[in-house]
Amino acid sequence: QVQLVESGGGLVQAGDSLRLACAASGRTVSRAAMGWFRQAPGKEREFVAGISWSGTFTYYADSVKGRFTISRDNAKTTVYLQMNALKPEDTAVYYCAARSGSGSGDVYTTARHYDYWGQGTQVTVSS
């Protein structure tokens, strides 16, 4: 059994920074590409950032390019989302997701490609 747990969310002001983390527990996900998604009030869940199993390839939604950075530790046990220059429109519940059996350089940008999901962490950016 695999469980993903997000942490690091909170209430910040516009322009502030926040770092989210996603840690896995239980059974190890084999060759897992990782992604971050978010869902704002009244909106559908959307892709934010993805990183390959190797950790060397990343992809970002246009709305966060230049502000957010996805990374993972050397052991590939935790994935992070560094969020800088936060805007009120970044307010959402942020979810991490894992895709097992990935190629070393594969990055996935749609929810249907992911096998495991965390419960989410709230990020609120005030103006």
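All figures in this text were calculated on a predicted structure; none of them were measured in a lab. Count residues from 1 along the sequence.
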Original post:
Under the side chain to side chain contact (heavy atoms under 4.5 Å, CB included) criterion, do L4 and W117 qualify, and how do the steps go?
Top reply: CA-CA 6 Å; L4 303 177; W117 293 83; 5.7 Å; no
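- A cation-pi contact links R45 to Y95, judged by a cut-off of 6.0 Å to the six-membered ring centre and 45° from its axis.
- A salt bridge links D62 and K65; the closest N-O separation between the charged side-chain nitrogens and carboxylate oxygens is under 4.0 Å.
- Checking E89 against T91 by side-chain atom types alone, no donor-acceptor pair falls below 3.5 Å.
- Residue H113 forms a side chain to side chain donor-acceptor pair (under 3.5 Å) with just one option from D115, T109, T110, and that option is T110.
- Between the side chains of S52 and D106, not a single donor N or O lies within less than 3.5 Å of an accepting N or O.
- Side-chain atoms of E46 do not come within 3.5 Å of backbone N or O of R38 as any donor-acceptor pair.
- Remark: R19 is positioned above the aromatic ring of Y80, its terminal NZ or CZ atom under 6.0 angstrom from the ring centre and at most 45 degrees off the axis.
- Residues Y114 and R99 have side chains that never bring a donor and an acceptor to within less than 3.5 angstrom of each other.
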Original post:
Taking it one step at a time, do N84 and F68 satisfy side chain to side chain contact (heavy atoms under 4.5 Å, CB included)?
Top reply: CA-CA 6 Å; N84 297 327; F68 290 11; over 6 Å; no
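- If you look at F47 and F37, their ring centroids are closer than 6.0 Å.
- Checking each of V125, D90, D16, V123 against M83 for a side-chain contact (heavy atoms from CB on, under 4.5 Å) leaves exactly one that passes, namely V123.
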